[in-house]
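Here the structure comes first, spelled out in structure tokens, and everything after it is commentary.
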Amino acid sequence: MDIDKARAGSRLGLSQALSLVENGLAFSTEEEGQVIGITGAPGVGKSCLVDQLAQAYARNGEKVAILAVDPSSPISGGALLGDRLRMESADLDDLVYMRSVATRGETGAVPSVVADMAAVLKECGWKRIIIETVGSGQAEFRIAAVADTIILVEAPGMGDAIQSEKAGIIELVDIIVVNKSDLEGADATAANIISALSAGSKDIPVMQVSSHTGDGVTYLVQAIDEVADSGTSRAQWRERLASQWMRRMSHHPNLDSILDELESSQINIGEAILLLEVEQ
Amino acid sequence: MATPLRIVIAKPGLDGHDRGAKVVARALRDAGHEVIYTGLRRTPEQIVRTVIDEDAQFLGLSSLSGAHAHLFPKICKLLQESDVGHVIVFGGGIIPTADKPALFEAGIKAIFGPGTSSTQINDFISTAAAKDDAGCGAESDWHWGD
């Protein structure tokens with residue numbers, strides 16, 4: 001891959017390199033960088049929060065790249081990528097790079113190519129990388145496969161205290177943000193989460209932020225730097241493995257023909273698995 | 001699955017009506033493309049930045065405010081100056097027939113007005129994608145329709 005143009009600082013070169021990787025070319029790098037994952041249910045304000053974070057980093061003179069994931073249609077394969085709508089800072093500031101990513105046939109909240117896309121960004125000098133997952137639920141932790149720091153975004157009015165007691169993504173996150181702190185009920189939501197977390201062993205900061213007014217964003221930026229890097233846990237390794245396993249299927253050259261044969265009952269699932277295991 | 005085309009749908013200028021842009025975005029999505037929607041009231045510079053960051057092959061511009069004659073050619077010029085003259089640009093909205101020749105001259109390859117079916121737009125996309133001289137910076141005077 002001709003990445004020299006991108007390394008030299010060309011945005012177009014970077015975009016084209018990212019496309020190659022998104023289309024299946026594997027890429028890794030030794031360059032360091034911080035990958036910040038933003039996850040949470042649809043409508044809690046992830047995109048607006050990402051916009052606020054990007055603006056905060058840019059104000060400090062730091063470059064920041066955003067990979068924002070939205071779902072692809074399981075029927076047509078197309079996608080409506082609407083995260084830019086709420087990220088106007090990305091269109092204005094040279095310190096901000098923003099790229100929309102579709103899940104392209106993968107079921108996780110973060111497609112497997114995103115790790116390699118983050119590697120391209122690191123290689124080209126983007127040391128802060130924010131990944132916004134698709135709106136996701138409690139049992140969706142694929143973000144752990146790629147992010148160094150995971151922020152779970154919650155919002156007032158999304159459910160009662162028992163939601164924070166359930167197992168799932170909440171056990172893997174580094175920071176919990178109660179967004180929309182300008183709305184009524186944010187204090188109660190934060191208190192419920194803090195209460196639920198107090199029974200656990202991990203000390204997870206719970207922060208109130210308003211992406212609408214910008215309140216609390218400065219503290220969040222500080223907290224992101226203060227969260228200790230605990231290394232790669234077994235759960236993260238599991239997600240990385242699952243992500244690469246998924247990639248083998250979704251980028252398999254014969255996937256379409258295997259699906260055709262399944263659809264027309266020429267083969268069964270067991271035979272399809274055997275066909276997928278044939279490396280091309 | 002074949003690699004989807006990446007298409008930016010943008011609303012340049014002071015125009016608050018995006019029902020049409022959203023319908024087109026949806027039709028392109030349903031045809032299997034990845035559509036990046038910019039949202040309302042973007043400047044030509046913001047739109048060109050979006051096209052570059054997203055590595056889009058197509059740009060669809062929607063305008064119902066009457067500013068198309070100024071904004072569409074400006075965007076085509078900026079695209080060419082930014083080394084992305086390969087991007088195929090089409091427009092839609094309320095565009096008088098008399099304005100079309102100047103827009104085609106500026107590098108817009110199709111103009112879709114009210115009553116256009118999604119099939120027509122998709123036919124244009126697949127035809128233009130197969131050509132190597134349909135970019136807004138190409139010398140060719142090819143364009144879709146009259």
Side-chain angles (χ1 to χ4, degrees), chain A residues 5-6 10-24 47 51 65-94 96-106 117 250-253 255-257 259-260, chain B residues 1-12 18 21-60 75 78-87 118 121-122 125-126 137:
Chain A
K5 226 173 103 186
S10 155
R11 285 184 92 95
L12 183 59
L14 175 63
S15 294
Q16 289 170 342
L18 285 171
S19 294
L20 285 173
V21 169
E22 187 175 24
N23 294 339
S47 303
D51 189 46
I66 302 162
L67 299 174
V69 186
D70 268 333
S72 297
S73 160
I75 312 291
S76 74
L80 187 55
L81 307 169
D83 288 319
R84 289 197 93 92
L85 207 63
R86 293 176 232 289
M87 294 185 190
E88 210 166 340
S89 64
D91 303 339
L92 298 167
D93 203 318
D94 283 341
V96 182
Y97 179 87
M98 149 76 188
R99 175 72 170 235
S100 312
V101 182
T103 54
R104 292 198 181 171
E106 295 191 15
M117 292 174 84
S250 60
H251 288 268
H252 197 284
L255 179 62
D256 270 337
S257 64
L259 286 171
D260 286 343
Chain B
M1 239 176 252
T3 304
L5 289 171
R6 291 174 67 83
I7 303 174
V8 170
I9 295 292
K11 288 288 303 180
D18 67 349
K22 284 176 177 161
V23 169
V24 171
R26 177 63 190 268
L28 294 170
R29 187 205 88 176
D30 289 342
H33 308 303
E34 290 179 1
V35 184
I36 297 108
Y37 178 51
T38 61
L40 294 169
R41 301 185 195 93
R42 293 309 199 253
T43 65
E45 289 78 8
Q46 284 178 307
I47 291 168
V48 171
R49 160 67 66 87
T50 299
V51 167
I52 292 171
D53 278 13
E54 299 287 353
D55 192 24
Q57 292 93 37
F58 280 83
L59 169 62
I75 291 165
L78 279 174
L79 287 169
Q80 290 165 29
E81 288 169 3
S82 309
D83 291 330
V84 281
H86 63 273
V87 173
S118 54
I121 299 176
N122 281 316
I125 298 281
S126 48

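In what follows, every chain begins at residue 1, and chains take the letters A, B, ... in the order their sequences are listed. Note that the structure is a prediction, hence the values are computed from the model and not measured.
Chain B forms the most heavy-atom pairs under 4.5 Å with one residue out of A:Asp93, A:Asp70, A:Leu14, and that residue is A:Asp93. In terms of heavy-atom pairs under 4.5 Å with chain A, the best-connected choice from B:Asp83, B:Thr50, B:Val51, B:Thr38 is B:Thr50.
The backbone N or O of A:Ser100 lies less than 3.5 Å from a partner atom in the side chain of B:Glu54, making a donor-acceptor pair. For the pair B:Tyr37 (side chain) and A:Leu85 (backbone), a donor-acceptor distance under 3.5 Å is absent.
Interatomic distance, NE2 of B:His33 versus OG of A:Ser73, reported as 12.5 Å (0.5 Å rounding).
Shortest non-hydrogen contact noted between A:Ser76 and B:Asp30 is CB-O, 3.2 Å. Summarising the geometry of B:Arg6 relative to A:Leu81, their closest heavy-atom pair is NH1-CD1, 4.2 Å, with the distance given to 0.1 Å. Of all heavy-atom pairs between B:Pro4 and A:Gly77, the closest is CG-O, 4.5 Å.
Summarising the local packing, CZ of A:Arg86 is surrounded by 12 or fewer heavy atoms from other residues, nucleotides or ligands at distances under 6.0 Å.
Proximity to chain A (any heavy atom under 4.5 Å) is restricted, for B:Arg42, to the side chain, taken from C-beta onward.
Counting heavy atoms from C-beta on, the side chains of B:Val8 and A:Arg84 never come closer than 4.5 Å.
The only member of A:Gln16, A:Arg11, A:Glu22 that meets side chain to side chain contact (heavy atoms under 4.5 Å, CB included) when paired with B:Asp55 is A:Gln16.
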For this session: Please lay out, stage by stage, how A:Asp94 and B:Arg49 fare under the test salt bridge (Lys or Arg N to Asp or Glu O under 4.0 Å).
Result: CA-CA 10 Å; A:Asp94 283 341; B:Arg49 160 67 66 87; 2.3 Å; yes
